[in-house]
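Note sheet for the following structure.
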Amino acid sequence: MAAWVPAGHRVLVTGGAGFIGSAMVRRLLQDTEAQVFNLDKLGYASDLSSIGEHPRHHLLQVDLADPAATAAAVHQADPDLVMHLAAESHVDRSIDGPAAFIESNICGTFHLLQAVKAHWEQLASDRREQFRFHHISTDEVFGSLAEHGRFSETTPYDPRSPYSASKAASDHLVSAWHHTYGLPVVLTNCSNNYGPWQFPEKLIPVVILKAIHAEPIPLYGDGANVRDWLYVEDHVEALLLAATRGRLGENYCVGGAGDHGSPSERTNRQVVEAICEILDRLHPATAPHARLITLVSDRPGHDRRYAIDAGKIHQELGWKPRHSFEQGLEATVRWYLENQPWCDQVRSRAGYQGQRIGVGG
Ligand SMILES: NC(=O)c1ccc[n+]([C@@H]2O[C@H](COP(=O)([O-])OP(=O)(O)OC[C@H]3O[C@@H](n4cnc5c(N)ncnc54)[C@H](O)[C@@H]3O)[C@@H](O)[C@H]2O)c1
């Protein structure tokens, strides 16, 4: 993997203090010799303790909503590769407060594109030819699936939440900067990520922590909504491949299905029950955990099913996830069990204690 990002290259990761961005930063520091510039506003979901001190890690605390600060940060980073992960990312929060999603995900992407375009245009020809902008997006831009079928790169956009609409808008801006100005871009649209160091507000860490504390485990609606689960370290490998070897102007769908024989598509109920079974073994003090499962009112506009056909990135770039859902989930549950002080610390810093948000009205 090191050869894909040449030594001496300067990589600007936006959102590098978030869940996926910090996994990307760790991997770049571990497997490459690149200088890594981490642009992040350090919002409620941010944490840098998984990265720690490193001589090739350079934090740029900047809000992409500020165009002048964004331009100055891009100038300072002087990147050969930009990996744009910064975004407000939680659907439930987008229901309660959509403005932050418009500011960060749409205006922020616009400001970043303008700054990156100005940077790219003044690069010397050898660096300019190698330069790339990689935009990281979600499968939620494609809307909701019925029982059959999968999203692919040709699925029409049909976003349905403030979050997915803001991500769809950012995808369109990135494509427009490619077609209109020639900016060398690659896009990826991935399914639900899970793994260590995820701020405990999304399904898997919320369920683990509720179960460990013997609190009711909320299951939205009938629990039959389906997601395609992708282990974050597998996603990082897909992103590095797409960023460095993907065809310019193309988008690649990234999902969790591999050669493991077990499906990456799961209903929320199956996910919750699988976590309960693992905890029954690893944390018997509060077993049986399934007794804690409690149906609660559904999320407004809750998309029914997401599933990814990742054939293109597999055929063109040779990527497949290495972890089955069972392997990834067991590793994740173990990590949260062993890192409860971290969970307490980030939740209290964010003023969030696992309460229900995004009920609308
Ligand atoms: N987590 C998933 O399951 C998932 C799935 C598909 C796509 N994605 C996409 O991947 C990216 C990363 O997701 P994540 O789960 O790591 O999110 P996250 O919420 O954990 O982290 C996002 C980071 O971006 C930063 N950020 C937000 N707005 C910013 C702004 N205006 N300026 C600077 N920094 C800002 C935050 O401070 C945070 O550190 C996002 O673009 C998200 O849409 C995530």
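First listed ligand is number 1; within each ligand, the first listed atom is number 1.
- Under a 4.0 Å criterion applied to the non-hydrogen atoms of Cys190, ligand 1 contributes the atoms 5 (C), 6 (C), 7 (C).
- Taking only nitrogen or oxygen atoms, main chain and side chain alike, Asp40 reaches within less than 3.5 Å of ligand 1.
- Ligand 1 has an N or O atom lying under 3.5 Å from an N or O atom of Lys41, backbone or side chain.
- Per-residue contacts place Asp63 under 4.0 angstrom from the following atoms of ligand 1 (heavy atoms of the residue considered): 30 (C), 31 (N), 32 (N).
- There is no side-chain donor-acceptor pair under 3.5 Å between Gln327 and Tyr231.
- For atom 28 (N) of ligand 1, the nearest protein heavy atom (residue, atom name, distance) is Ser104 OG, 3.2 Å.
- Between Ala86 and ligand 1, no pair of N/O atoms sits closer than 3.5 Å.
- Close N/O approach between Ala45 and ligand 1 is not found [any backbone or side-chain N/O within under 3.5 Å].
- The aromatic rings of Trp229 and Phe325 sit tilted relative to each other, their planes meeting at an angle between 30° and 60°.
- Residue Ser137 has at least one heavy-atom neighbour below 4.0 Å for each of these atoms of ligand 1: 6 (C), 7 (C).
- If you check which protein heavy atom lies closest to atom 20 (O) of ligand 1, you get Phe19 N, 3.0 Å.
- Scanning all protein heavy atoms for the shortest distance to atom 41 (O) of ligand 1 gives Lys167 NZ, 2.7 Å.
- Classification of the Phe110-Trp177 ring pair by plane angle, with boundaries at 30° and 60°, yields perpendicular.
- Nearest protein neighbour of atom 21 (O) of ligand 1, counting heavy atoms only, is Gly18 CA, 3.3 Å.
- Near Ser89, with a cut-off below 4.0 Å to any heavy atom, the atoms of ligand 1 are 17 (O), 18 (P), 19 (O).
- Residue contact annotation: Tyr163 has a non-hydrogen atom under 4.0 Å from ligand 1.
- Ligand 1 places these atoms under 4.0 Å from at least one heavy atom of Asn193: 2 (C), 3 (O).
- Ligand 1 is never approached by Ala100 to a heavy-atom distance shorter than 4.0 Å.
- Scanning Leu64, Thr138, Ile20 for the heavy atom closest to atom 4 (C) of ligand 1 points to Ile20.
- In summary, the atoms of ligand 1 found under 4.0 Å from a heavy atom of Gly43, numbered by their order in the structure, are 37 (O).
- Under 3.5 Å, the side chains of Asp139 and Ser191 contain no donor-acceptor pair of N or O atoms.
- Of the protein's non-hydrogen atoms, Ser191 O, 3.4 Å is the one closest to atom 5 (C) of ligand 1.
- Ligand 1 is approached by Val62 to a heavy-atom distance shorter than 4.0 Å.
- Taken to the nearest 0.5 Å, the CG atom of Leu239 stands 5.0 Å off from the OG1 atom of Thr188.
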Under the criterion side-chain contact (heavy atoms from CB on, under 4.5 Å), I'd like the reasoning laid out for Glu237 against Arg27: C-alpha separation, chi angles, the key distance, then a yes or no. CA-CA 9 Å; Glu237 288 167 15; Arg27 187 68 73 95; 3.0 Å; yes

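- The aromatic rings of Trp197 and Trp335 sit tilted, their planes meeting at an angle between 30° and 60°.
- Close approach to Asn192 involves these atoms of ligand 1, each under 4.0 Å from a residue heavy atom: 3 (O).
- In terms of protein heavy-atom proximity, atom 22 (C) of ligand 1 is nearest to Ala87 O, 3.4 Å.
- Ranking protein heavy atoms by distance to atom 11 (C) of ligand 1, first place goes to Leu85 O, 3.2 Å.
- The neighbour count for Glu147 CD, taken as heavy atoms of other residues, nucleotides or ligands under 6.0 Å away, does not exceed 12.
- Ion pairing between Asp228 and Arg150 fails under the 4.0 Å rule for side-chain N and carboxylate O.
- Between His9 and the choices Gln130, Arg127, Glu33, the side chain to side chain contact (heavy atoms under 4.5 Å, CB included) rule is met once, by Gln130.
- Listed by first and then second residue, the side chain to side chain donor-acceptor pair (under 3.5 Å) pairs that reach into residues 85-101 are Lys41-Glu88, Tyr44-Arg93, Ser89-Lys202, Asp92-Tyr220, Asp92-Arg299, Arg93-Glu201, sequence neighbours excluded.
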Could you pull out every donor-acceptor pair under 3.5 Å between side chains of residues 69-77 and any protein atom, sequence neighbours left out?
from  : atom 1 : to    : atom 2 : distance (Å)
Thr70 : OG1    : Asp66 : O      : 2.7

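- Under the 30°/60° scheme for interplanar angles, the aromatic rings of His84 and Phe133 are found to be tilted.
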How far apart are the C-alpha atoms of Tyr336 and Ile204, what are their side-chain angles, what is the distance that settles it, and do they pass the side-chain contact (heavy atoms from CB on, under 4.5 Å) test? CA-CA 10 Å; Tyr336 279 92; Ile204 287 179; 5.7 Å; no

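- Near Ala17, meaning under 4.0 Å from any of its heavy atoms, are these atoms of ligand 1: 39 (O).
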